[in-house]
Amino acid sequence: MKRLHEKVNIIPLIAKADTLTTEECYHFKKQIMKEIKEQKIKIYEFPNTEDEDDNKLVKKFKDCVPLAVVGSNLVFEVSGKKVRGRQYPWGVAEVENGDHCDFSILRNMLIRTHMQDLKEITNNIHYENYRSRKLAAVTGNGVDASKTKGRLTRSPLAEMEEERREHVAKMKKMETEMEQVFEMKVKEKKQKLKDSENEVSFSVHHPHPTSPLTLPYAFCTFLSL
């Protein structure tokens, strides 16, 4: 409940209230409300109105919190009427009977009397608080105790900018390396061409005795002999 009370409307319930006696249920409710106050848990506050009848209904709701409810999918016939409840040797615990549990109060509150107020609180308070926290995290450094345990969080925009700078630096480094490799290849190619030219020039000016250029001279010399 501590994790949820600032995010959603909390209406405390006691399930399977038919397993408690009336006195046990009363004391259990008191104990639950005491612990909620001690832990400073925010529960849904029923708004007061200017209408006296509405205020009486609100007071009735407040006195019943936490609501003790009973659930059942079974239907039984009690005093000629079909009711939804749970069968016991001593009788039937009726789900919609206000003397047996608070289910009808919960249903009326959620669907009929306080639905709009619950929606407005969710939208105007809980959602706006959530939105404000997220915007604060985006626009600047903030603290998210649920994730960072008190450590400063970094802005997503700052992280994106840092990633962009790292990417640009990486691309520049790759470009420089590629240029260096290209220059080295060009120098090697030029050196090879230069060496080839030197070899050809040397061969022309200093022919080898067995090269094709010396064959006619050798042949003539042989005939003269």
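Interatomic distance, Leu118 CG to Ile11 CD1, rounded to the nearest 0.5 Å: 5.5 Å. Atom CD of Glu177 and atom CE of Met174 lie 7.5 Å apart (nearest 0.5 Å). With values rounded to the nearest 0.5 angstrom, Tyr130 atom OH is found 10.0 Å from Lys7 atom NZ. How far OG1 of Thr176 is from CE of Met171: 11.0 Å, rounded to the nearest 0.5 Å. Note that the CZ atom of Phe28 and the CG atom of Leu20 stand 7.0 Å from one another [nearest 0.5 Å]. Annotation: the span from Ile43 atom CD1 to Met1 atom CE amounts to 7.0 Å, rounded to 0.5 Å.
Here Glu162 does not pair with Arg165 in a salt bridge; the nearest charged N to carboxylate O distance is not below 4.0 Å. Taking the charged nitrogens against the carboxylate oxygens, Asp102 and Lys29 do have a contact shorter than 4.0 Å, which makes a salt bridge. Ion pairing between a basic and an acidic side chain is recognised when a charged N comes within 4.0 Å of a carboxylate O; Arg86 and Glu94 show no such pairing.
Contact between His5 and Lys42 at its shortest, heavy atoms only, is ND1-N, 3.1 Å. Residue Thr113 comes nearest to Met109 through the heavy atom pair OG1-CA, 3.2 Å, listed as atom of the first residue, atom of the second, then distance. Looking at every heavy atom in both residues, Pro47 comes nearest to His114 through CD-CD2, 3.8 Å. For the pair Gly98 and Ser104, the tightest heavy-atom approach, listed with the atom from each and the gap, is CA-OG, 4.3 Å. Here the shortest heavy-atom pairing between Tyr88 and Ala93 reads CE1-CB, 4.1 Å. Closest heavy-atom contact between Tyr44 and Ile121: CE1-CD1, 3.5 Å.
Between the side chains of Asp18 and His100, no donor N or O sits under 3.5 Å from an acceptor N or O. Remark: the Gln191 side chain and the Asp195 side chain contain an N/O donor-acceptor pair separated by less than 3.5 Å. No hydrogens or angles considered: nothing links the side chains of Gln39 and Glu35 as a donor-acceptor pair under 3.5 Å.
Using cut-offs of 30° and 60° for the angle between ring planes, the Phe46 and Phe61 rings count as tilted.
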Mind running side chain to side chain contact (heavy atoms under 4.5 Å, CB included) on Ile41 and Lys2 for me, showing each step along the way? CA-CA 6 Å; Ile41 296 173; Lys2 281 186 175 181; 4.0 Å; yes

Could you walk me through whether Lys62 and Glu45 pass salt bridge (charged side-chain N to carboxylate O under 4.0 Å, His left out), step by step? CA-CA 8 Å; Lys62 289 182 177 180; Glu45 294 288 342; 5.1 Å; no

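At least one side-chain heavy atom of Pro12 sits less than 4.5 Å from a side-chain heavy atom of Val65. Side-chain contact between Glu120 and Ile125 is absent, with no heavy-atom pair separated by less than 4.5 Å. Between Phe182 and Met178, every side-chain heavy-atom pair lies at or beyond the 4.5 Å cut-off. With contacts defined as side-chain heavy-atom distances shorter than 4.5 Å, the pair Thr122/Val8 does not qualify. Taking 4.5 Å as the limit, every side-chain heavy atom of Leu67 sits out of range of all side-chain heavy atoms of Ile14. Taking 4.5 Å as the limit, every side-chain heavy atom of Val83 sits out of range of all side-chain heavy atoms of Asn97. Between Phe76 and Gln87, the closest side-chain pair of non-hydrogen atoms falls below 4.5 Å.
Leu13 and Tyr26 are not part of a single hydrophobic cluster, where members link through side-chain heavy atoms under 4.5 Å apart. In the hydrophobic cluster analysis, where Ile, Leu, Val, Met, Phe, Trp and Tyr join through side-chain heavy atoms closer than 4.5 angstrom, Leu4 is grouped together with Leu110. Put simply, Val69 and Met115 are part of two different groups of oily side chains (I, L, V, M, F, W, Y) that touch within less than 4.5 Å, one to the next. By the criterion of side-chain heavy atoms lying less than 4.5 angstrom apart, applied directly or through intervening Ile, Leu, Val, Met, Phe, Trp or Tyr residues, Val75 is not grouped with Val70; the two fall into different hydrophobic clusters. Criterion: ILVMFWY side-chain heavy atoms under 4.5 Å apart, direct or through other members. Under it, Val78 and Val95 are not part of a common hydrophobic cluster.
Counted within 6.0 Å of CG on Asp63, heavy atoms from surrounding residues, nucleotides or ligands total more than 12; the atom is thus considered enclosed. Crowding of Glu23 atom CD: a count of heavy atoms from other residues, nucleotides or ligands under 6.0 Å not exceeding 12.
In terms of modelled atom types and a separation under 3.5 Å, the side chain of Asn123 and the main chain of Lys119 share no donor-acceptor contact. Without hydrogens or angle criteria, Lys56 side chain to Glu52 main chain gives no donor-acceptor distance under 3.5 Å. Under the 3.5 Å distance criterion, the side-chain polar atoms of Glu24 are matched with a main-chain donor or acceptor of Thr21.
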